[in-house]
Engineer: 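One structure coming up, written as structure tokens, with questions to follow.
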Amino acid sequence: MTESKSITELQHICDVLIVGAGAAGLSLALKLAPFANVNVLSKGKLAEGSTLYAQGGVAAVFSDDDNIEDHIQDTLVAGANLCDEEAVRFTVSNAKESIQWLIDTGVDFDTEVDQLGQTQYHLTQEGGHSHRRILHSADATGKEIENTLLSAVKKHKNINLMEGYNAIDLITSRKLNLPANRILGAYVWNRKAECVETVKAHFVTLATGGASKVYQYTSNPDVSSGDGIALAWRSGCRIANMEFNQFHPTCLFHPDAKSFLLSEALRGEGALLLRPDGTRFMPDFDQRAELAPRDIVARAIDYEMKRLGVDCMYLDISHKDKEFIVKHFPTIYRRCLLLGIDMAVQPMPIVPAAHYSCGGVMIDHHGQTDIDGLYAIGEVSYTGLHGANRLASNSLLECIVYAHACAKDIINRLPFYKEHKFAIIPDWDDSQVENSDEAVVIQHNWHELRLFMWDYVGIVRTDKRLERALRRVQLLQQEIDEYYSNFKVGNNLLELRNLVQVAEIIIKSAMQRKESRGLHYNLDYPNQLDNPQPTILSPDKNS
Ligand SMILES: Cc1cc2nc3c(=O)[nH]c(=O)nc-3n(C[C@H](O)[C@H](O)[C@H](O)COP(=O)(O)OP(=O)(O)OC[C@H]3O[C@@H](n4cnc5c(N)ncnc54)[C@H](O)[C@@H]3O)c2cc1C
């Protein structure tokens with residue numbers, strides 16, 4: 001039962017509201033805290049998000065043998081001629097400083113002693129990188145980053161952590177028929193008290209992560225339901241390049257594994273991809289073999305699985321010493337062993353799974369969106385860095401670089417807004433809705449959506465499949481809108497409403513691209529256009 005609350009309890013006020021407590025949101029909060037009162041929302045447990053599960057590491061030039069220009073070129077090549085070169089240069093040039101900030105904040109990356117007896121960061125290599133440049137904490141880099149940032153945030157008196165709050169919708173001056181198009185705050189669902197509250201803020205930053213949960217099989221945690229993209233879209237922001245969803249080639253195929261990821265670093269360290277009969281297949285697809293970019297590897301696996309009619313392929317690193325495997329991949333080793341697979345002596349069964357959203361809310365180099373005062377950083381955003389395909393380990397980097405850039409911009413602008421009073425915002429009105437009578441509708445639509453997205457809008461697409469998917473998504477949308485208007489909100493309904501919106505954006509983006517490039521592969525358009533452009537959808541034109 002919902003306890004009744006007074007108006008003051010239902011309203012929060014802060015300088016900056018950050019929606020999301022992953023690498024992007026927490027880095028921003030720490031940078032802002034000396035200058036501003038910050039509220040940070042996480043809809044689930046505080047640490048839960050993709051950041052926590054990142055294994056491989058963060059890319060930055062730390063070796064004397066490496067250089068920034070090569071990192072830029074590797075990113076551009078992986079992005080298949082669709083990156084925004086300015087964004088790539090901006091991110092890569094700021095990489096070392098951003099990673100140094102993580103180190104100064106307490107993140108403990110692995111080190112090694114070189115031949116001269118000097119301690120250096122141990123750098124791994126991943127697919128698409130021409131050098132060893134991945135800083136990591138064994139194979140649990142994300143956990144180290146998330147926990148370190150979280151403990152720093154918890155110590156800061158200016159940061160108010162709001163755990164278990166879903167942002168439902170943004171509040172803008174345009175929605176309230178006030179002048180200009182400026183952010184004013186957000187309505188948020190307090191999961192514990194089961195009621196909707198209001199957060200008023202001078203600035204709001206979306207740091208909600210990706211949308212890979214729109215697919216049946218995903219490496220992502222449950223919170224990756226594209227909420228920030230849907231919130232921004234409903235408020236009038238442009239969304240770009242959503243047809244480019246990265247499928248990680250190697251998730252463990254096991255009924256109890258729930259898409260546990262087998263890091264790219266395994267292939268970087270020599271793991272081979274095998275058919276069920278033990279033969280290698282990657283050399284038949286690309287001269288870089290197992291070190292080819294992820295899209296090529298994922299498509300090759302998908303192709304071989306469909307050709308042979310089998311449920312999975314295999315990843316084998318058992319030719320390496322057990323000691324090496326256990327030292328470099330302790331988490332993966334332990335997890336596999338628990339499931340009865342000893343990776344030091346046998347190959348691991350794998351399938352591809354939706355992993356990373358390259359597109360998102362369009363922003364500039366400060367993270368500013370189309371709405372004044374609304375920012376987006378991390379996986380929810382589209383910066384232009386990834387183009388048609390993300391280079392491994394560039395995403396955590398993007399979170400930190402853009403969090404810092406966003407903080408700088410907000411700190412510059414904040415004194416002006418602190419002078420202003422907050423607008424009067426009407427409380428959430430749920431007087432006309434009732435408790436849901438048939439939760440099965442949500443459950444059913446969840447499954448239906450994620451299954452047809454996997455089958456029709458997955459690794460390989462056709463025009464016919466996309467048209468089919470669009471018809472289905474529009475039907476679901478009607479049903480969910482009706483449900484949303486009649487019943488009280490809850491986590492599953494809020495996520496489903498956002499997912500179905502994001503699914504429609506993905507399908508429409510895929511339909512607009514009349515070529516195959518990077519992560520988007522359409523059998524009806526196997527070739528590449530000469531002058532490719534990002535796909536930009538605008539809610540004003542597509543509503
Ligand atoms: C298994 C796995 C391995 C990976 N490995 C690597 C790697 O080695 N290197 C690399 O660079 N990248 C890697 N990635 C990608 C990288 O981890 C993510 O892109 C990055 O962590 C995203 O960080 P974020 O801060 O944008 O979002 P997240 O870390 O996903 O955090 C999202 C936050 O938003 C909150 N949230 C979402 N919606 C709402 C809402 N409506 N209301 C309130 N809160 C909300 C969530 O609760 C959460 O706190 C990996 C991803 C996965 C899944």
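In each ligand, atom 1 is the first atom listed, and ligand 1 is the first ligand listed. The analysis underlying the following values was restricted to heavy atoms, covering all of them including side chains, and did not include hydrogens, waters or symmetry mates. Count residues from 1 along the sequence. Just so it is clear, the model here is predicted, and its values are computed rather than measured.
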Engineer: Look at atom 8 (O) of ligand 1 and find which of Gly56, Pro221, Gly49, Ser224 reaches it with the closest heavy atom.
Structural biologist: Gly56
Engineer: May I ask which of Asp169, Val40, Thr208, Thr141 has a heavy atom nearer to atom 36 (N) of ligand 1 than the others do?
Structural biologist: Thr208
Engineer: Which part of Ala207 is near ligand 1, with near meaning a heavy atom under 4.0 Å away: side chain, backbone, both or neither?
Structural biologist: backbone
Engineer: Could you tell me the separation between the CD1 atom of Ile350 and the OG1 atom of Thr250, rounded to the nearest 0.5 Å?
Structural biologist: 6.0 Å
Engineer: Are any of the heavy atoms in Val58 under 4.0 Å away from ligand 1?
Structural biologist: no
Engineer: Looking only at heavy atoms, is any part of His248 under 4.0 Å from ligand 1, and if so is it the side chain, the backbone, or both, or is it neither?
Structural biologist: neither
Engineer: Mark up the atoms of ligand 1 that fall under 4.0 Å of a heavy atom belonging to Tyr356, in ascending order.
Structural biologist: 19 (O)
Engineer: Show me which atoms of ligand 1 lie under 4.0 Å from any heavy atom of Ala167.
Structural biologist: 40 (C), 41 (N), 42 (N), 43 (C)
Engineer: Students should be able to answer this: which protein heavy-atom is nearest to atom 35 (C) of ligand 1, and at what distance?
Structural biologist: Gly20 CA, 3.6 Å
Engineer: As a check for students: among Cys399, Ala230, Gly57, identify the option with a heavy atom nearest to atom 9 (N) of ligand 1.
Structural biologist: Gly57
Engineer: Pick one of side chain, backbone, both or neither for how Leu261 approaches ligand 1, counting any non-hydrogen atom pair under 4.0 Å.
Structural biologist: side chain
Engineer: Are any of the N/O atoms in Ala24 less than 3.5 Å from those in ligand 1?
Structural biologist: yes
Engineer: Counting only heavy atoms, tell me which of Phe260, Tyr165, Tyr402 gets closest to atom 43 (C) of ligand 1.
Structural biologist: Tyr165
Engineer: Does ligand 1 have an atom under 4.0 Å from some heavy atom of His355?
Structural biologist: yes
Engineer: Could you tell me whether the side chain of Asn220 and the main chain of His355 form a donor-acceptor pair under 3.5 Å?
Structural biologist: yes
Engineer: For Ala21 and ligand 1, does the shortest N/O to N/O distance drop below 3.5 Å?
Structural biologist: yes
Engineer: Ring centroids only, cut at 6.0 angstrom: are Tyr402 and Phe90 within range, meaning strictly under it?
Structural biologist: yes
Engineer: Quick check: Glu126 and ligand 1, any N/O pair under 3.5 Å apart?
Structural biologist: no
Engineer: Looking only at protein heavy atoms, which one is nearest to atom 48 (C) of ligand 1, and how far off is it?
Structural biologist: Glu48 O, 3.4 Å
Engineer: Taking non-hydrogen atoms only, is Asp227 closer than 4.0 angstrom to ligand 1 via side chain, backbone, both or neither?
Structural biologist: side chain
Engineer: Decide whether an N or O pair under 3.5 Å exists between Tyr53 and ligand 1.
Structural biologist: no
Engineer: Have a look at ligand 1 and work out which part of Arg390, if any, has a heavy atom under 4.0 Å from it: side chain, backbone, both or neither.
Structural biologist: side chain
Engineer: Are any of the N/O atoms in Glu379 less than 3.5 Å from those in ligand 1?
Structural biologist: yes
Engineer: Is the distance between the ring centroids of Tyr333 and Phe329 less than 6.0 Å?
Structural biologist: no
Engineer: Pick out which of Leu135, Asp66, Asp110 makes a side chain to side chain contact (heavy atoms under 4.5 Å, CB included) with Leu123.
Structural biologist: Leu135
Engineer: Are any of the heavy atoms in Val380 under 4.0 Å away from ligand 1?
Structural biologist: no
Engineer: Is there a nitrogen or oxygen of Leu396 sitting under 3.5 Å from a nitrogen or oxygen of ligand 1?
Structural biologist: yes
Engineer: For Gln125 and Gly268, indicate whether the former's side chain and the latter's backbone hold a donor-acceptor pair under 3.5 Å.
Structural biologist: no
Engineer: Of Asp409, Thr205, Thr369, Asp364, which meets side-chain hydrogen bond (donor to acceptor under 3.5 Å, both in side chains) against Tyr375?
Structural biologist: Asp409
Engineer: Does Glu495 come within less than 4.0 Å of Lys213, counting only side-chain N to carboxylate O?
Structural biologist: yes
Engineer: Output yes when the distance from some N or O of ligand 1 to some N or O of Asn220 is under 3.5 Å, and no in every other case.
Structural biologist: no
Engineer: Report yes or no: does Asp139 contribute a side-chain atom to a donor-acceptor pair with the main-chain N or O of Ile332 at less than 3.5 Å?
Structural biologist: yes
Engineer: Among all protein non-hydrogen atoms, which one is nearest to atom 12 (N) of ligand 1, and what is the separation to 0.1 Å?
Structural biologist: Ser395 OG, 2.7 Å
